[in-house]
Amino acid sequence: MDPELIKLAIGGLVLLGCVGLFFGIGLAIAAHKFAVESNPLIEEVLESLPLANCGGCGYPGCEGYAIEVVTDPDVPANLCYPGKEKVAERVASLTGKKMAAMEDTIAVVRCSRIEGRVSHKHRYVGFSSCTAASLGFGGPSACQYSCVGLGECAEACPFDAIEMKEGFPIIDPDTCVSCGVCVKTCPKEIMEIQSMKARIWVPCHTKDLGKAVMGVCEVGCIGCKMCVKVCPADAVTYENNIVKIDHKACIEYGPACEEVCVSKCPRDIFLPYQGRQVIARDVESGLKMAG
Amino acid sequence: MAPTLTFPKGGVHPPESKKLTENLAVEVMPLPAELEIILGQHIGAPCAATVAKRAEVSEGDLIGEVSKGLGVPLHAPASGKVKAVGNSGHPVRVSAPSVTITVDQEAPDKQYQPRDWQNDTSQELLKRVHDAGIIGIGGAGFPTHVKLKPPSDNPVDTLLLNGAECEPYITADHRAMLEMAPEIVEGAKILLKILGITNCVIGIENNKPDAIKMMTDAANGTAGDGFSITVQPLEVKYPQGSEKQLIQAITGRKVPAMALPSAVGVVVHNVSTTKAVYDAVVLEKPLVEKVVTISGKGINRPANLLVKVGTKLIDIVEFCGGVKPDLSRVVMGGPMMGFAVSDLNIPISKTTSSVLFLTDEEIDANPLSACIRCGWCLDACPMGLEPKEIGVFVEGNRAEDTEQFGVFECFECGSCAYVCPAKRPLVQFVRLAKMKAKRS
């Protein structure tokens, strides 16, 4: 081989080696000098979270919550709804925070448009999104507070827990982790997070009164306030034209009242609620009625 | 005739469809049985009702007032008895607080005597404009007295009167200019005195040569009063009557983004608003009625009607001989910027300029399809925005990131949606984007 060529090759190797060594040392110094001190606790908390990034805790993703729960002493350890008690316990033990009781909750739909046979006041043409449809004269439903039915909640649900059946959202109680994304998405604000132990469910969210409701829906709240009067536990209030139930007071009072609100409600919008089966049964029967 | 002017960027030429009503003189609609006056008709804080149920009111009585914030008072459009202070249908908000008056059909018409306004100071004139409840009745509903008090760091030198009426179908301003030209010019003089300036230009689209002639004659009659009032013909192009486009067309000045016209020394008022200013100052008559164009192929008798504020659509339909069986959509406002409504129990407000009854052949209810990136909307947008990008972002659930495309500069003229070959509801996308971008 040509010795000139060998010389050139060795020269190149040496030169590149030196350049590599130079930058290597530079990088090593830089890595040492500008090292970001990471809190291993954050990493550990992050690993214990479900990493679904649903945003139900109110922070931007799981990492956002991990950082806040570790650095801010005021952020409670039980904000991860999908993780339920198990994750909350782990986060509490890692961060040394007090473990507050974690209630089993679920999202419920506060509307029964299908059972109420709410008609459409106009045909909606355009971008298929509930918010968009609501911009045009309050949405296509005759009741301006009712479910629009274009499935924006189902699309937004990070856990695929909402299924649209005949244009009405049905929440799968086994999949729903009550992250609250649907609550924030729904332009009609008909989604609500409710305790799994709740005894009563009020599937109506209208703010209209009397005749205005009678004219559009068969099972809409007319604001007679009978429920407020009959509840022995004072758990039912009627504020801003909407029935509000203090589930804690209701559960504490117990079954002694024999669900008097359910039997007295003239519009049948008070339904007994015991977790899962009942929701499914009612929606199925509603679909049959409407069908 | 002076050469026609127009704005430099974008614009579209929708079919004018003004033939239906442009030759029909303004008719006074008889008083309906009931009037529903919405309390929040202007931009700003809504009025609070100052009358209670069962109160007797006569025409022009105060029925609503704004205690705090931006706003103007509200007056009874006719004599009668307050039936209820409750809620009424509303084209955008669906339902809104209102005062319902059962009209006393026997009550004598109120007579208004002209008075001499020349000796009033500009402060007195301004107060009269406020007290008469005058707002921009071309559609925006901005309180007029606020526009007449431009910020002191931006001296105003020109008053523009907007007689472009570029929306298809609408002929209310056209008829007002034909039938009330001297009053409009007199109103312009009042506005000039309040502003303390002398220069006024009336912009009118070239498709209304008769109005241009009438207004020119009326304006020439004022020569020697110390005012310079001229008429400027404008090219027929939508949206010529948009404030910023009108200013650029006539004065060549470009209003900066998110700024008011006073930033370039201009104040713009609609010709019908100017007529209302005349009524308020010379006749001491509050703003309780307005000319509304009832048009479209779906109504039996199209008309230009002088109706009381609070008249319900159902009464107008009855007066105009009912609707045709092939009626497909009812729109309050023009076809480009108006709102479709699905209930006829909605009252006319101070800002309603037309009610259109459209048939299938006049509307396009084809479903939307995907954006084909043709760029027609970019050519059509008078603000130089990118409507297609906003639409794509909204569809991709990234509405809150649309501020980079100037979504808040969009005034929803609808030119982009009009030209879109994919039938994309671009204005709706923009409204969604604004809503979500504001929320985030």
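Throughout, a chain's letter reflects where its sequence line sits, starting with A, and its residues are numbered from 1.
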Trainee: Who among B:Gly391, B:Pro91, B:Ser95 has the most heavy-atom pairs with chain A under 4.5 Å?
Mentor: B:Pro91
Trainee: Could you report the tightest heavy-atom contact between A:Gly126 and B:Pro425, atom names first, then the distance?
Mentor: CA-CG, 4.4 Å
Trainee: Report, as yes or no, whether the 6.0 Å neighbourhood of atom CD on B:Gln404 holds more than 12 heavy atoms from other residues, nucleotides or ligands.
Mentor: yes
Trainee: Any chance CD of B:Glu412 has more than 12 other-residue heavy atoms, nucleotides or ligands included, within less than 6.0 Å?
Mentor: yes
Trainee: Please report the shortest heavy-atom distance between B:Leu432 and A:Ser129, naming the atom on each side.
Mentor: CD1-OG, 4.3 Å
Trainee: So what's closer than 4.5 Å to chain A heavy atoms on B:Lys423: side chain, backbone, both or neither?
Mentor: neither
Trainee: Which bit of A:Ala133 is near chain B, if near means a heavy-atom gap under 4.5 Å: side chain, backbone, both or neither?
Mentor: backbone
Trainee: Evaluate the side chain to side chain contact (heavy atoms under 4.5 Å, CB included) criterion for residues B:Arg329 and A:Val125: first the C-alpha distance (whole Å), next the side-chain angles of each, then the deciding distance (0.1 Å), finally the verdict.
Mentor: CA-CA 12 Å; B:Arg329 196 176 289 179; A:Val125 208; 4.1 Å; yes
Trainee: Side-chain atoms of residues 331-346 of chain B: list all donor-acceptor pairs with protein atoms under 3.5 Å, sequence neighbours left out, distances to 0.1 Å.
Mentor:
{"from": "B:Ser342", "atom 1": "OG", "to": "A:His122", "atom 2": "ND1", "distance (Å)": "2.9"}
{"from": "B:Asp343", "atom 1": "OD1", "to": "B:Asn345", "atom 2": "N", "distance (Å)": "3.0"}

Trainee: Would you find more than 12 non-hydrogen atoms of other residues, nucleotides or ligands less than 6.0 Å from A:Lys264 atom NZ?
Mentor: no
Trainee: Identify the heavy atoms of A:Leu135 and B:Gln428 that sit nearest to each other, and give their distance.
Mentor: CD1-O, 4.2 Å
Trainee: Run the side chain to side chain contact (heavy atoms under 4.5 Å, CB included) test against A:Ala161 and tell me which residues pass, sequence neighbours left out.
Mentor: A:Cys157, A:Thr175, A:Cys176
Trainee: Looking only at heavy atoms, which two atoms of A:Phe127 and B:Leu368 are closest? And how far apart?
Mentor: N-CD2, 3.9 Å
Trainee: With a sphere of 6.0 Å drawn around OH of A:Tyr81, does it hold more than 12 non-hydrogen atoms of other residues, nucleotides or ligands?
Mentor: no
